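Input: a single structure, listed below in structure tokens.
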Amino acid sequence: MDGNKAVMKRKRPVKFSIIGGAGYRAQYYLRIARALPERFQISGMVVRDEDKGKAMEVQWGVNVYRSLEQLLERESPDFAVVSVNPAAGMDYLLRLAELGLPALAETPPASDLAGLEQLYEQTAACGARIQVAEQYQFHPIQEARLALIASGRLGRVTETTVSISHLYHAVSLIRRMLGISFEEVTIRAMRFESRWVNGPTRAGPPAEDRLIASRRDLAWLDFGGRLGIYDFTKDQHRSWVRSNHLSVRGERGEIFDNRVLIQQESTVPLQLELKRVNKGEWENAEGYFLQGILCGDQWLYENPFAPARLYDDEIAIARCLQKMADYAAGGPAFYGLAEASQDHYLGMMIEQAIHTGETVTTTKRNWACPVI
């Protein structure tokens with residue numbers, strides 16, 4: 001069946017299983033399914049720890065199994081989310097490939113370069129259908145920026161600075177903003193150490209106010225005519241006293257966070273804003289949710305999950321789930337192992353450049369292909 005027709009024919013909620021479902025990341029998928037039951041349904045979870053599994057059953061009302069085999073005896077998912085550490089993930093991905101079940105893997109897909117190459121070779125050899133849940137490209141603001149780039153109004157894009165998240169997440173945005181696939185890149189990098197107040201972490205808000213070590217990593221990725229600048233401080237994206245930043249520069253204009261500057265061919269300059277529009281503010285009584293992002297009189301982004309009350313990271317992961325559902329039904333790939341491996345590889349090369357102080361030049365790996 002044609003992929004697009006397969007996607008159009010699906011009326012029921014998408015059913016997916018979660019493997020390794022007691023962790024922090026798995027909570028995203030559970031919250032999304034709870035908020036969007038007409039779109040997504042949890043078709044069982046694999047949690048090897050019995051006590052944790054029972055807790056998940058009580059908290060989320062889902063069926064929990066000790067093994068993949070037990071789950072598949074009773075469940076019929078459209079695909080599986082593999083949310084375990086990279087070492088265990090490879091085994092699950094290969095087993096799912098043997099069973100013919102598409103898999104959505106977490107980032108990174110393997111812990112080191114040898115693991116990335118081995119995983120790619122083995123999954124390619126058995127025809128595995130795998131995509132990777134790299135969500136940052138699907139954050140509403142990033143989709144808006146990418147839509148503006150795709151419109152051509154900035155002209156050819158040559159530079160981007162990404163100060164949003166660490167390593168492979170940031171690299172994925174750098175490549176998207178610049179339109180880079182698997183080109184070789186020369187990397188220079190440095191680390192600046194200072195002190196700052198401790199802020200929130202994954203575990204929650206700070207328990208006390210104190211100064212801690214701050215490590216700011218900076219890297220310059222020269223793709224030959226296109227430049228990506230990486231700038232990140234650990235836990236910056238959760239900090240209350242540091243801002244995230246992204247800029248894109250093209251021949252005719254730039255995006256600087258939410259500000260857009262363009263010089264038209266008539267030489268008339270434009271000063272625009274990427275304006276976030278929420279329902280439920282002031283006297284609006286439609287409920288509280290993100291409607292979309294405007295630039296002038298044009299909607300660059302419209303929230304496909306409105307009116308569900310999801311925050312941006314959940315919206316982005318929901319986009320991964322929806323795209324994975326389309327892929328499992330015969331639709332197009334959206335972020336496969338090759339791209340995920342490339343982004344992790346470049347992230348590792350940034351770290352190497354920081355630690356050695358030397359300029360690093362990447363080489364094409366076994367997953368490289370002509371286009372994304």
Side-chain angles (χ1 to χ4, degrees), residues 105 107-110 113 116-117 120 130-139 141-189 217-232 244-257 300 316 319-320 323 332-354 359-372:
T107 59
L113 181 57
L116 290 173
E117 294 188 326
Y120 186 79
I130 300 171
Q131 297 293 286
V132 181
E134 174 54 61
Q135 81 270 25
Y136 278 85
Q137 61 191 310
F138 300 126
H139 274 227
I141 188 60
Q142 309 308 351
E143 293 227 56
R145 289 166 175 151
L146 289 166
L148 183 58
I149 291 170
S151 75
R153 299 186 74 185
L154 298 181
R156 180 176 180 269
V157 169
T158 55
E159 299 177 42
T160 187
T161 298
V162 175
S163 181
I164 288 179
S165 189
H166 70 279
L167 297 172
Y168 49 84
H169 292 310
V171 171
S172 74
L173 289 175
I174 287 172
R175 289 201 308 115
R176 288 294 185 193
M177 298 296 163
L178 294 178
I180 294 293
S181 55
F182 301 94
E183 293 88 335
E184 295 178 359
V185 56
T186 300
I187 302 172
R188 294 183 295 115
D217 291 341
L218 299 116
W220 294 262
L221 288 74
D222 184 351
F223 294 95
R226 285 174 288 185
L227 175 67
I229 300 175
Y230 168 79
D231 179 359
F232 188 68
N244 293 331
H245 164 67
L246 191 145
S247 66
V248 177
R249 288 182 168 179
E251 297 166 327
R252 305 207 62 83
E254 74 170 14
I255 304 169
F256 194 93
D257 293 335
L300 289 181
R319 284 280 280 163
C320 289
K323 286 179 175 289
F334 63 95
Y335 187 82
L337 270 180
E339 286 195 74
S341 298
Q342 182 72 6
D343 290 335
H344 190 27
Y345 169 53
L346 295 189
M348 289 187 287
M349 293 301 99
I350 288 173
E351 288 187 305
Q352 179 179 320
I354 289 170
T359 298
V360 173
T361 300
T362 65
T363 57
K364 286 199 172 184
R365 316 308 303 189
N366 64 350
W367 57 74
C369 55
V371 295
I372 290 179

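Every heavy atom of this structure was used, including side-chain atoms; hydrogens, water molecules and symmetry mates were not. Keep in mind that this is a model prediction, so the values were computed, not measured.
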Take R226 and I180 through the side chain to side chain contact (heavy atoms under 4.5 Å, CB included) test and state the conclusion after the steps.
-> CA-CA 9 Å; R226 285 174 288 185; I180 294 293; 3.3 Å; yes

Start with the C-alpha distance between Y230 and L167, add both sets of side-chain angles, then the distance that settles side chain to side chain contact (heavy atoms under 4.5 Å, CB included), and finish with yes or no.
-> CA-CA 8 Å; Y230 168 79; L167 297 172; 3.8 Å; yes

Determine, stepwise, if the pair D217 / I350 fulfils side chain to side chain contact (heavy atoms under 4.5 Å, CB included).
-> CA-CA 9 Å; D217 291 341; I350 288 173; 5.8 Å; no

V185 vs I187, side chain to side chain contact (heavy atoms under 4.5 Å, CB included): CA-CA, chis, key distance, verdict | CA-CA 6 Å; V185 56; I187 302 172; 4.2 Å; yes

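Closest approach of G228 to I174, counting heavy atoms only: CA-CG2, 3.9 Å. The two residues L300 and A144 make their nearest non-hydrogen contact at CD1-O, 3.5 Å. Contact detail for W367 and Y120: the closest heavy-atom pair is CA-CE2, 3.6 Å. Scanning all heavy atoms of the two residues, the minimum distance from P108 to H344 falls at CB-CD2, 3.5 Å. Shown here for Y335 and S172, the closest heavy-atom pair between the two residues is OH-CB, 4.2 Å. Contact between L337 and P109 at its shortest, heavy atoms only, is CD2-CB, 3.6 Å.
Of the possible polar contacts, one joining the Y345 side chain to the T363 backbone as a donor-acceptor pair under 3.5 Å is found. Side-chain atoms of E251 come within 3.5 Å of backbone atoms of R156 as a donor-acceptor pair (strictly under, hydrogens ignored). No donor-acceptor pair closer than 3.5 Å links the side chain of D231 to the backbone N or O of S163. Checking side-chain atoms of T160 against main-chain N and O of L178 turns up no donor-acceptor pair under 3.5 Å. Checking side-chain atoms of R145 against main-chain N and O of S247 turns up no donor-acceptor pair under 3.5 Å. Judged by distance alone, the side chain of R249 and the main-chain N or O of E254 form no donor-acceptor pair under 3.5 Å.
Atom CZ of R319 has more than 12 neighbouring heavy atoms from other residues, nucleotides or ligands inside a 6.0 Å radius. In this structure, R252 places its CZ atom where more than 12 heavy-atom neighbours from other residues, nucleotides or ligands lie under 6.0 Å away.
Using a 4.5 Å cut-off on side-chain heavy atoms (C-beta onward), H169 and I164 make no contact. For the pair M177/L146, a side-chain contact is recorded, criterion being any heavy-atom separation below 4.5 Å from C-beta on. Two residues are said to be in side-chain contact when any heavy atoms from C-beta on lie closer than 4.5 Å; H245 and T161 meet this criterion. Q142 is not listed as a side-chain neighbour of R176, based on a closest heavy-atom distance of 4.5 Å or more.
The distance from atom OG1 of T361 to atom CE of M349, rounded to the nearest 0.5 Å, is 11.0 Å. Atom CE of M348 and atom CG of L113 lie 5.0 Å apart (nearest 0.5 Å). With rounding to the nearest 0.5 angstrom, the CD atom of E339 is 5.5 Å from the CZ atom of F182. Distance CG/L246 to CZ/F256: 10.0 Å, rounded to 0.5 Å. Atoms CG and OG, from L173 and S165 in turn, are 8.5 Å apart once rounded to the nearest 0.5 Å.
Taking the six-membered ring where tryptophan is involved, the planes of F138 and F334 are tilted, since the angle between them lies from 30° to 60°.
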